[in-house]
Amino acid sequence: SYLLYFCPLMEFKSSEVESKWRLFWEQNQIYKVSNNSSKQKYYVLDMFPYPSGSGLHVGHPLGYIASDIFSRYKRMQGFEVLHPMGFDSFGLPAEQYAIQTGIHPSLSTARNINRYREQLDNLGFSFDWSRQVSTSDPSFYKWTQWIFIQLFHHWYDQDRSQARPIDELIRIFDTQGNAGINAAHSPGPPFTASAWQNFSEKSKSDILMNYRLAYRKEAFVNWCEALGTVLANDEIKDGVSERGGHPVERKPMTQWFLRITAYAERLLNDLNTVDFSESMKIMQSNWIGRSTGAQLFFELHGFGKKLEIYTTRADTIFGASFMVLAPEHELVSKITTPAQQASISTYLQFVNTRSERDRMSEAKEVTGAFTGAFAINPFNGKKIPVWIAEYVLKDYGTGAIMAVPADDARDMAFAKKFDLPIIDIIDKSMYPGATIEDKLGRMINSEFLNGLEVPEAIELISGKIEAMGLGKKQINFKMRDANYSRQRYWGEPFPIVYNLDGVPQTLPLEELPLILPELDDFKPSANGKAPLSKLSSWVNLSNGFTRETDTMPGFAGSSWYFLRYMDPGNERELASPSAIEYWKDVDLYVGGTEHAVGHLLYSRFWHKFLYDLGYTFTPEPYKRLLNQGKIQGISESVFLQKEKENGSYIFVSKPLKQEDSEFITLHVPIEYIKDYGSTMPYLDKSGISQFLDFMPDYREALFRTEQGDFTSKELPADSKFYTHSELAKMSKSLYNVINPDAVVAEYGADCFRLFEMFLGPLEQSKPWDTRSIDGVGKFVRRFWSLFVQDSGIHCSAEQASAEELKILHKCIKRVTEDLERFSFNTCVSQFMITSNELKGLSCNKKEILEPLLRLLAPFAPFLTEELWHMMGNHQSIHLAGFPVVDNQYLIERIITYPICINGKKRGTADYPADADVPALEALTLNLDFVQKWLDGSVPKKVVVVPGKMINLVL
RNA sequence: GCCGAAGUGGCGGAACUGGUAGACGCGCUGGACUCAAAAUCCAGUAACAGCAAUGUUGUAGGGGUUCGAUUCCCCUCUUCGGUACCA
């Protein structure tokens with residue numbers, strides 16, 4: 001034992017080992033990916049991060065670790081694996097930061113990227129960093145601008161279901177006008193070929209705008225005064241901006257839009273061809289929101305005008321007792337009668353003063369006004385009053401509806417409030433559970449529809465509407481065209497100039513990228529114009545033309561970045577055709593659900609557009625999508641009570657807190673807490689003094705503990721002041737962020753990776769459990785000690801026993817299967833089991849340990865690389881093959897069957913694995929304990945489940 | 001409100017097509033080593049009853065199918081995620 005003191009055991013020193021192998025991998029370009037490989041390709045993509053100022057916390061790398069494990073696994077299996085990483089570096093936070101601090105976004109972004117890069121490198125990822133992209137890099141956004149130009153120069157042909165060049169559309173206009181064209185377009189008047197030829201250049205440009213896939217239009221936008229910009233619908237939560245929670249109001253502005261609605265049908269249908277989770281597909285299809293219905297015209301009594309509505313329930317037309325227009329509907333001013341003028345104006349004023357926020361928070365409140373006009377029911381000639389109301393939306397359908405109170409809850413509420421007639425038209429008595437909205441029941445009070453079931457009635461009347469020329473069948477989508485303009489600085493400038501008539505023109509490829517100019521003042525102008533508009537030398541060109549001053553939104557760069565990774569240095573194309581041909585699409589995409597409807601839809605749209613133009617070769621960009629859950633934190637807080645008499649403060653230890661008194665809750669930085677993560681975390685005396693340094697306002701406060709009330713100085717040394725734990729997200733404001741760097745420094749990157757996987761299923765959200773990481777740490781040490789003893793590696797060349805081979809191959813089998821179904825947590829469990837089993841056998845045989853090492857390599861790249869080299873290998877383990885299971889070692893010779901009587905286990909018996917069912921039956925009936933139980937009688941049935949169990953039914 | 005997912009020990013979670021529920025890890029209890037602590041190792045750990053063998057109850061609650069249900073079907077409750085006047 002004396003000797004042992006002087007002969008230190010060889011330990012696994014993670015920090016030394018990690019830096020050594022990181023350097024080795026870099027010098028030997030282990031993770032360099034080739035575009036000219038003869039191997040089969042596999043593309044594993046992570047959703048690239050926005051490099052925020054606060055760096056990574058332990059939640060961010062979860063998905064990256066999973067994708068890294070999978071990439072390494074595929075690479076070891078012999079695939080050429082593209083596993084790149086980059087940065088989504090344009091966006092609001094950097095700009096907000098710039099406004100506050102004056103530091104230019106490009107500087108803070110570069111700094112943040114470096115920090116992210118460092119943190120990522122710490123975790124041993126196998127990214128090919130030579131392919132890194134950043135969306136704010138001009139060599140990258142050159143192609144973002146280029147794609148926008150392509151969108152501008154294309155229109156969508158519904159008949160061919162394809163984007164086509166705008167020149168072809170002009171040729172069609174020249175020869176036949178716009179009458180016979182089935183294009184995705186904004187509303188506009190019909191015109192003939194000769195009319196087209198006589199239009200001015202300006203008018204032609206305006207008309208073409210209605211067809212372009214990137215177009216300008218005046219629209220109500222979500223204007224956020226506090227942020228000084230318009231926001232997309234998905235940047236608003238509950239009527240306030242998602243970032244900052246500022247109020248949002250509606251404001252008309254001329255904006256760029258992308259005609260994503262042209263692709264709605266394909267975006268919906270092609271969901272069937274991709275491997276996304278069911279809930280993800282449902283989220284997307286709800287967002288697209290396809291509905292089949294009918295366009296229907298109502299004569300307006302005494303105006304010689306027609307009112308166009310959209311309905312999915314044409315069958316209910318005999319129950320239509322009023323019409324409703326959206327307040328912004330263009331006919332409102334034209335049809336309002338003098339008598340109703342006052343009340344309509346009052347209502348319109350009311351609507352205008354209401355922000356989006358008010359509308360949403362009082363969604364159930366019924367408001368509206370009567371225009372004085374009447375529409376004529378085309379089927380029975382009845383006069384129907386026309387109302388306006390907030391609950392009808394301008395942007396959906398035609399912005400006008402026929403209201404059928406008997407069959408629609410909203411119309412019903414409206415009819416009740418304003419005392420309008422309710423005509424019963426569907427008898428639902430035979431469908432007891434059916435709600436008002438269900439398409440079930442039998443028609444009544446509906447003339448020729450009477451007696452029909454609802455679906456039959458819809459069918460019949462739709463046919464009649466078309467035959468009578470009253471309208472036609474129509475498909476509608478909830479999805480709107482994407483607003484593509486931001487009145488912001490830190491984004492891609494539009495490659496657009498306006499001529500003297502204000503007609504937009506695109507820049508030629510030679511002038512791309514249009515570099516975002518330097519600017520000192522990033523604040524938006526008061527009039528809502530973008531910061532770039534202040535830079536007149538940039539805006540105004542020598543020929544009198546002006547530049548577009550808005551910038552592109554956050555989703556621009558992220559809509560196509562995965563293509564750039566294929567060929568990031570290319571200066572002539574977004575990526576070379578041969579590179580795209582080789583990599584094609586993403587085989588596995590890993591990221592959070594929060595991008596379900598935003599990023600994923602936009603990028604699928606762009607990819608389809610590029611597919612139409614022949615730049616990409618698959619209709620969908622992502623074959624398979626895996627959504628990782630979030631890692632939650634635990635926040636710690638203390639209860640503070642203010643004494644009524646003298647205004648002094650007293651902190652109350654959690655167990656002493658009385659339910660009825662009022663408390664202020666203050667969050668405590670988790671690093672001051674003792675027993676963090678246990679059921680009874682507390683502050684000790686030094687923790688309290690740290691906390692008071694952090695919140696000096698309460699320096700004089702008393703602390704109430706079991707031992708009594710004390711000031712912080714008087715506290716007994718052993719006192720425990722208990723705090724309150726809550727599951728919460730990790731956030732700076734709750735002081736509960738856990739930095740991966742600290743965990744890596746303490747436990748090593750391998751342990752960190754294994755632990756994040758071990759926490760639970762990847763797709764599930766789960767709390768970071770600081771304490772149980774020790775278990776994984778123990779595994780790493782035990783695994784190490786399988787290979788290393790005292791002075792070094794101690795593997796023997798001895799032949800492995802059948803038992804040992806079985807343990808190994810069981811592990812290979814389980815881990816391979818679990819990897820294929822992305823069950824990483826059970827992989828780690830299996831490694832622990834196997835390592836314990838081998839430990840129990842004192843197995844140190846190379847024949848077993850070497851394949852086991854390769855099996856673990858994707859999970860623990862540093863540890864396995866170190867051991868691999870200690871065993872005498874000179875090449876990286878990550879270039880070695882992944883072990884293959886040999887089932888011959890797993891064959892069971894004897895199987896222990898549980899023997900049950902009426903489902904209850906009564907004993908066991910060992911039978912040969914290959915025994916057939918009749919033989920098993922016969923052997924079982926002869927068992928002593930079975931005979932005792934049967935006691936002479938014969939069982940009704942013997943159920944034999946080969947390999948599993950035998951059950952006798954008496 | 002609607003759509004979706006999920007509810008298993010003190011905790012995170014296993015159980016792949018119905019077949020001995022609670023693998024693996026944390027925590028806890030006891031023991032070994034130690035002057036002592038840490039570390040490490042060994043044993044135990046769903047609940048109830050029992051010295052024990054063992055028995056009974058148990059996968060949110062209720063019902064059903066089955067020889068057998070955490071798994072399949074119906075109803076109810078709870079939690080989380082998405083969405084919100086879409087005609």
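In what follows, chains are A, B, ... by sequence order, proteins preceding strands, each numbered from 1.
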*So, are A:Asp774 and A:Arg771 salt-bridged, with charged N and O less than 4.0 Å apart?*
no

*Residues A:Asp684 and A:Lys720 bridged, charged N to O under 4.0 Å*: no

With both distances under 3.5 Å as the test, what is the Watson-Crick or G-U wobble partner of [N]?
{"N": "B:G12", "value": "B:C24"}
{"N": "B:U17", "value": "none"}
{"N": "B:C77", "value": "B:G7"}
{"N": "B:G1", "value": "B:U83"}
{"N": "B:C48", "value": "B:G55"}
{"N": "B:C72", "value": "B:G64"}
{"N": "B:U34", "value": "none"}

Identify, with sequence neighbours excluded, every residue that meets side-chain contact (heavy atoms from CB on, under 4.5 Å) alongside [X].
{"X": "A:Gln764", "result": "A:Pro761"}
{"X": "A:Ala860", "result": "A:Asp750, A:Leu754, A:Leu856, A:Leu863"}
{"X": "A:Asn887", "result": "A:Lys813, A:Val885, A:Leu890"}
{"X": "A:Pro421", "result": "A:Ser321"}

What's the gap between [N] and [M] when it is taken at their [atom1] atoms, as a whole Å value?
{"N": "B:U78", "M": "B:C41", "atom1": "P", "value": "46 Å"}
{"N": "B:C26", "M": "B:G81", "atom1": "C1'", "value": "28 Å"}
{"N": "B:G61", "M": "B:U70", "atom1": "P", "value": "11 Å"}
{"N": "B:G82", "M": "B:G44", "atom1": "C1'", "value": "46 Å"}
{"N": "B:A37", "M": "B:G22", "atom1": "C1'", "value": "34 Å"}
{"N": "B:A23", "M": "B:G12", "atom1": "C1'", "value": "13 Å"}
{"N": "B:A52", "M": "B:C33", "atom1": "P", "value": "27 Å"}

Where the side chain of [X] is concerned, which of [options] is the nearest nucleotide?
{"X": "A:Met832", "options": "B:G25, B:G4, B:A87", "value": "B:G25"}
{"X": "A:Met283", "options": "B:U40, B:G4, B:G82", "value": "B:G82"}
{"X": "A:Phe758", "options": "B:U83, B:C24, B:A39", "value": "B:C24"}
{"X": "A:Ser291", "options": "B:G25, B:U83, B:A87", "value": "B:A87"}

Please confirm whether the shortest side-chain N or O distance from [X] to OP1 or OP2 of [N] is below 4.0 Å.
{"X": "A:Gln764", "N": "B:A6", "result": "no"}
{"X": "A:Tyr396", "N": "B:A87", "result": "yes"}
{"X": "A:Asn627", "N": "B:G81", "result": "no"}
{"X": "A:Arg814", "N": "B:C16", "result": "no"}

_Nucleic acid contacts of residues 817-830 of chain A, taken as heavy-atom distances under 4.0 Å to RNA chain B_ = A:Arg821, A:Asn825, A:Thr826, A:Ser829

Classify the nucleic acid contact of [X] as base, sugar-phosphate or nothing, counting any heavy atom under 4.0 Å across all strands shown.
{"X": "A:Pro761", "value": "sugar-phosphate"}
{"X": "A:Arg782", "value": "sugar-phosphate"}
{"X": "A:Asn836", "value": "sugar-phosphate"}

*State whether a side-chain donor-acceptor pair under 3.5 Å links A:Tyr347 with A:Thr367.*
yes

*Measure centre to centre between the rings of A:Tyr73 and A:Phe70, then say whether the value is under 6.0 Å.*
yes

_A:Asp769: side-chain hydrogen bond (donor to acceptor under 3.5 Å, both in side chains) partners, not counting sequence neighbours_ = A:Ser772

_For A:Tyr396, give me all partners under side-chain hydrogen bond (donor to acceptor under 3.5 Å, both in side chains), at least two apart in sequence or on another chain._
A:Ser291

Sub-3.5 Å pairs of nitrogen or oxygen atoms, protein against nucleotides 26-29 of chain B:
| from | atom 1 | to | atom 2 | distance (Å) |
| --- | --- | --- | --- | --- |
| B:C26 | OP1 | A:Lys778 | NZ | 3.0 |

*asked:* With syn defined as a glycosidic angle within 90° of 0 and anti as the rest, where does B:G9 land?
replied: syn

*Tell me, please, which residues at least two apart from A:Lys306 pass salt bridge (Lys or Arg N to Asp or Glu O under 4.0 Å).*
none

*Using the closest heavy atom to pick a nucleotide of RNA chain B for each, name whichever of A:Asp408 or A:Asn286 lands nearer the 5' end.*
A:Asn286

*Nearest-nucleotide wise, let me know which of A:Gly760 and A:Ile833 is further upstream toward the 5' end of RNA chain B.*
A:Gly760

